[in-house]
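Everything below concerns the one structure shown next.
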There are 2 protein chains.
Amino acid sequence: MKLTTKMRYGTRALVDLALHQDQQPVPSGEIAERQQMPVKYLESILVLLRNAGFVRTTRGAMGGYSLAHDPADISLAELFDVLEGPDALVACTDGPDCDRYDGCVTREVWARMYAASREVLEETTLADLVSRAREKQHASGNMYHI
Amino acid sequence: MKLTTKMRYGTRALVDLALHQDQQPVPSGEIAERQQMPVKYLESILVLLRNAGFVRTTRGAMGGYSLAHDPADISLAELFDVLEGPDALVACTDGPDCDRYDGCVTREVWARMYAASREVLEETTLADLVSRAREKQHASGNMYHI
DNA sequence: ATAATCCCCACTATACACATAGGAATAGGA
DNA sequence: TCCTATTCCTATGTGTATAGTGGGGATTAT
Ligand code: FES
Ligand code: FES
């Protein structure tokens, strides 16, 4: 039960973008370098984020990625739905996909687990992470390393 | 972020054992048939459960598996630790394994997620699942299908 | 002895994580 | 305008872990 790298990298990428949204669009190479993640893999995640409407892209020289919305309006739960998918945790959390659905006793436990996890994500916005990152930057004097 | 089959199968296997613990030791073939899971794969999971002290094994003819403790004394969290491992959710939830530990802002969120999930598992015992299974058996008239 | 059963080892299949290669679009200068 | 560097975009290949398969040996009740 590991959180996928899509979710972890995607979250860090959005935080990085939020920290630099006052400037020009940020190229994927800069994000990858700062966040220490493989460039090409990051780009494949940014495609998902673009299709889901989290980021805007500008092609060509001087192009890059920028946030499409205010960080305070983005909860990690929305991100989770896109990057982990609706079938997260177990396939049969929210519907009778499984042929054993009626007699299943474990499903309810996994569903409670899922709900508890999701509640944490619901109440955390991108802006929360950004302000926490700014605090840490201030404390350590390290500009870019979040 | 999928729950592994080890955890899902393992849980169902223990519930199945609890429902039949009044009888002889239960052979893996019976569990696999009732629970609709691959025999050989189930056996590899039962090895883990034996090593962790959840089940006792009896070798030879008329042998099989039986619970080592009272179902009320087994929380799903203990099972989780064995079958999903201590590094569940993310590798750096409980220690400075990661070289980015100090500046990391996402770790705290993942840690809260992990704690919330685990709390659900802590407060659910095998006996809870068993009684729920008995209710469902009674309601449907289906003896073995949990 | 025989059949039933656990147990160990090695093999295959599938999904995820990541790398590589190249193409398409755009900004900026000659 | 045309060229070129920069950047996003798409497709395909590779490594690794999880999931599942299979054969055969060890142990024990009958
Ligand atoms: S409903 Fe599918 S395994 Fe429980
Ligand atoms: S502490 Fe390792 S990624 Fe955050």
Side-chain angles (χ1 to χ4, degrees), chain A residues 1-13 17 20 23-33 35-52 54-68 82-85 87-91, chain B residues 1-13 17 20 23-52 54-68 80 82-91 98:
Chain A
M1 203 200 67
K2 286 252 193 300
L3 208 60
T4 63
T5 54
K6 279 217 277 274
M7 180 65 186
R8 294 187 289 113
Y9 287 1
T11 306
R12 281 162 57 200
L17 277 179
H20 299 83
Q23 309 169 14
Q24 305 281 4
V26 184
S28 57
E30 284 188 23
I31 305 176
E33 193 182 1
Q35 299 298 325
Q36 302 172 54
M37 49 183 74
V39 189
K40 288 296 186 178
Y41 190 50
L42 168 63
E43 286 186 343
S44 72
I45 296 172
L46 286 170
V47 169
L48 302 174
L49 296 180
R50 168 176 56 87
N51 293 340
F54 286 98
V55 301
R56 269 191 299 260
T57 59
T58 312
R59 301 183 63 161
M62 302 297 289
Y65 299 85
S66 55
L67 282 183
V82 172
L83 296 181
E84 296 284 347
D87 286 349
L89 206 55
V90 285
Chain B
M1 202 197 71
K2 286 256 191 296
L3 209 60
T4 62
T5 54
K6 280 217 279 271
M7 181 64 186
R8 293 188 289 115
Y9 287 1
T11 307
R12 282 162 55 200
L17 277 179
H20 299 84
Q23 309 169 13
Q24 306 279 3
V26 183
S28 56
E30 284 187 23
I31 305 175
E33 192 181 2
R34 276 192 296 259
Q35 299 298 325
Q36 304 171 53
M37 49 182 75
V39 190
K40 288 295 190 175
Y41 190 50
L42 169 63
E43 285 185 343
S44 71
I45 297 172
L46 286 168
V47 169
L48 302 174
L49 296 180
R50 168 177 55 87
N51 292 340
F54 287 98
V55 300
R56 268 190 300 259
T57 60
T58 313
R59 302 185 60 164
M62 299 301 288
Y65 299 86
S66 54
L67 283 183
F80 187 87
V82 172
L83 297 181
E84 296 283 347
D87 285 350
L89 207 53
V90 285
C98 182

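Letters go in sequence order (proteins before strands), and every chain restarts at 1. When reading the values below, keep in mind they use all heavy atoms of this one structure, side chains included, and skip hydrogens, waters and symmetry mates.
Residue-level contact check: B/Arg50 touches the backbone only, with heavy atoms under 4.0 Å from sugar-phosphate atoms and none from bases. A/Gly29 comes within 4.0 angstrom of no nucleic acid atom, judged by non-hydrogen atoms across all strands. Nucleic acid contact for A/Ser28: sugar-phosphate only, since backbone atoms but no base atoms lie under 4.0 Å from a heavy atom of the residue.
By the 4.5 Å heavy-atom criterion applied to side chains, B/Met7 and B/Phe80 are counted as neighbours.
Remark: P of D/dC9 and CG of A/Asn51 are 9 Å apart, rounded to the nearest angstrom. Distance, A/Leu49 CG to D/dC9 C1': 15 Å, rounded to whole Å. The CG atom of A/Leu48 sits 15 Å away from the P atom of D/dC8 (whole-angstrom rounding). Atom P of nucleotide D/dG20 and atom CG of B/Leu42 are separated by 11 Å, given to the nearest angstrom. For the pair A/Met1 CE and C/dC16 C1', the interatomic distance rounds to 17 Å; values are reported in whole Å.
OP1 or OP2 of C/dC7 has at least one side-chain nitrogen or oxygen of B/Thr57 nearer than 4.0 Å. Distances shown here put every side-chain N or O of A/Tyr9 at or beyond 4.0 Å from the OP1 or OP2 atom of C/dA17.
Axis angle across the helix from C/dA1-D/dT30 to C/dA30-D/dT1, with five pairs used at each end and values rounded to 10°: 10°.
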Taking only N/O atoms, report every protein-nucleotides 15-18 of chain D pair under 3.5 Å with atom names and distance.
none

Protein proximity profile, nucleotides 21-30 of chain C - base contact B, sugar-phosphate-only contact S, no contact -, cut-off 4.0 Å on heavy atoms: BB-BBBS---

